[in-house]
Amino acid sequence: MKRILVTGSSGQIGIELTPYLREIYGAENVLASARRPVPGPVSEGGPFELLDVRDGKAFSETLSKFKADTVIHLAGVLSAKGESDPLNSWDINVCGSCTALEAARENGCAFFFPSSIAAFGPSTPAKNTPQDTIQRPTIIYGVAKVTMELLCDYYHKKFGMDTRGLRFPGLISYEALPGGGTTDYAVHIYYDAVKKGSYTCFIAPGTYMDMMYMPDALDAVVKLMEADPARLVHRNAFNISGMSFEPEEIAASIRKVMPGFTMDYDVDPLRQGIAESWPDSLDCTAAREEWGFDPQYDLDAMTEDMLARISEQEASKG
Ligand code: AKB
C-alpha cells in the first residue's frame with residue numbers, strides 16, 4: 001500500500017484506522033472520506049474529501065485524482081440498525097460496496113472489504129466455526145456481507161484484482177462509539193462502568209460472541225494488506241477473533257478492576273435474536289497460517305486498558 005483511500009472514515013474503525021495508516025504510510029498518502037464532514041484528526045491530520053460511496057463517477061474521479069493504489073472500504077450500516085430499514089442497508093452495504101469495488105477495479109487499486117461474524121447464520125456450526133462452512137445468515141446485514149465476500153472473490157478470479165478481507169468480530173474501542181450493532185454492549189459496558197458503576201445489558205447471560213480490541217484489528221488490516229499474495233489461499237473473508245465471552249464474563253473482568261461494579265439485564269429481543277444466530281467462537285487458523293494473524297489482547301488486558309482510557313477521557317472533561 002502506498003496511496004490509500006479510506007471510506008467511512010468517521011465510523012468506529014475509520015476514526016482509528018485513518019490516523020494509524022497515516023503514521024505508517026505518511027499523512028499525505030492517506031485520503032480519508034465520509035458522507036458528512038468529520039471534525040478532528042481524520043479531517044485535520046491529512047487529506048479529506050466528502051464522498052458518497054454510491055456515486056461511482058465521483059468515486060472513480062477521486063481515486064484517479066489522488067493516484068490511489070488501495071481502497072479500504074469501511075462505509076456501512078451495522079446489524080441491528082440494518083433491520084429497521086433493510087432496503088437502505090442493502091443500498092449502502094451492497095450497492096455502495098459494488099460501486100466502490102468497481103471504481104477500485106477501474107483505477108487498478110487493491111480493495112479491502114470488512115466482512116463480519118454476521119456472514120454466518122443459525123445453521124453454521126457455532127463453536128470453533130471453520131473458515132469454510134455453511135453461510136446462511138438471516139439478517140440483511142449478514143446477507144450483504146456474504147454477497148460482498150463472494151463478489152470480492154469473483155473480482156479476483158475474473159479480473160485478477162487484489163481483493164482482500166476480514167470477518168471482523170465485535171470491535172471494542174474508546175475513540176468512537178459503534179452505532180447500531182449487536183456487539184455494542186461490550187463497548188457500552190465500559191463507559192457505564194466508569195460513569196455510573198453499573199450497566200443494564202441488552203444481551204442475555206450465556207450468549208457468547210467473538211470480540212477483539214481495536215489495536216489488534218488495526219494491526220490485522222495492515223498485516224493482511226501487506227501479506228505476500230503467494231501465501232493467501234483464501235484472500236477474502238478471513239475469520240479473526242481476539243476472544244470470545246458472554247456478558248457475565250466481561251462483567252467479572254470489570255469487577256477485577258472495579259469491585260463494586262454491578263450489572264442487570266433488559267434483553268432486547270432483536271439484538272438477542274441476532275446474537276444467537278452468530279457463532280460462539282471462530283477458528284482463526286487460516287488467518288494465522290496465511291498471513292500471521294497474532295492478536296495481543298485478551299479480555300483482562302483489554303478491560304484494564306479500556307477502563308484506564310475512558311477514565312482519562314472523563315477526567316479531562318472536568
Ligand atoms: C455488529 O454488531 O453489527 C458489528 C458486527 C459484528 O459486524 N459489530
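Keep in mind that the numbers below use all heavy atoms, side chains included, and drop hydrogens, waters and symmetry copies. Here the structure is a predicted model, which means the values were calculated and not measured. Just so you know, ligand 1 is whichever comes first in the structure, and atom 1 is the first atom listed for that ligand.
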### Task
Give the atoms of ligand 1, by number and element, whose distance to some non-hydrogen atom of Ser116 is under 4.0 Å.
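Counting from 1, the qualifying ligand atoms are 5 (C), 6 (C), 7 (O).
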### Atoms of ligand 1, numbered as shown, that sit under 4.0 Å from any heavy atom of Gly181
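Once the distances to Gly181 are compared, the set is 1 (C), 2 (O), 3 (O).
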### Candidate pair Thr163 and Phe113, rule side chain to side chain contact (heavy atoms under 4.5 Å, CB included), full reasoning
CA-CA 8 Å; Thr163 54; Phe113 181 72; over 6 Å; no
### Message
For His73 together with Phe111, are the ring centres under 6.0 Å from each other?
### Response
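Ring centres of His73 and Phe111 closer than 6.0 Å.
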### Message
The test is salt bridge (charged side-chain N to carboxylate O under 4.0 Å, His left out); show your working for Lys57 and Glu61 and say whether it passes.
### Response
CA-CA 6 Å; Lys57 189 163 173 287; Glu61 282 170 7; 3.2 Å; yes
### Query
Looking only at distance, does Asp184 have an N or O less than 3.5 Å from an N or O of ligand 1?
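Asp184 vs ligand 1: no N/O contact under 3.5 Å.
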### Geometric N/O contact Thr182 with ligand 1, under 3.5 angstrom
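Yes; at least one N/O pair falls below 3.5 Å.
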### Query
Tell me, which protein residue and heavy-atom name are nearest atom 8 (N) of ligand 1, and how many Å apart are they?
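Heavy-atom neighbour on the protein nearest atom 8 (N) of ligand 1: Thr183 OG1, 2.9 Å.
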Without hydrogens or angle criteria, can the side chains of [X] and [Y] be said to hold a donor-acceptor pair below 3.5 Å?
X: Tyr191; Y: Glu314; answer: no
X: Tyr208; Y: Glu249; answer: yes
X: Thr200; Y: Asp264; answer: yes

### Query
Relative to ligand 1, is Ile117 under 4.0 angstrom through side chain, backbone, both or neither, heavy atoms considered?
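The answer is the side chain.
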### Task
Report the member of Gly179, Ser79, Gly76 with the shortest heavy-atom distance to atom 3 (O) of ligand 1.
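Result: the heavy atom closest to atom 3 (O) of ligand 1 is in Ser79.
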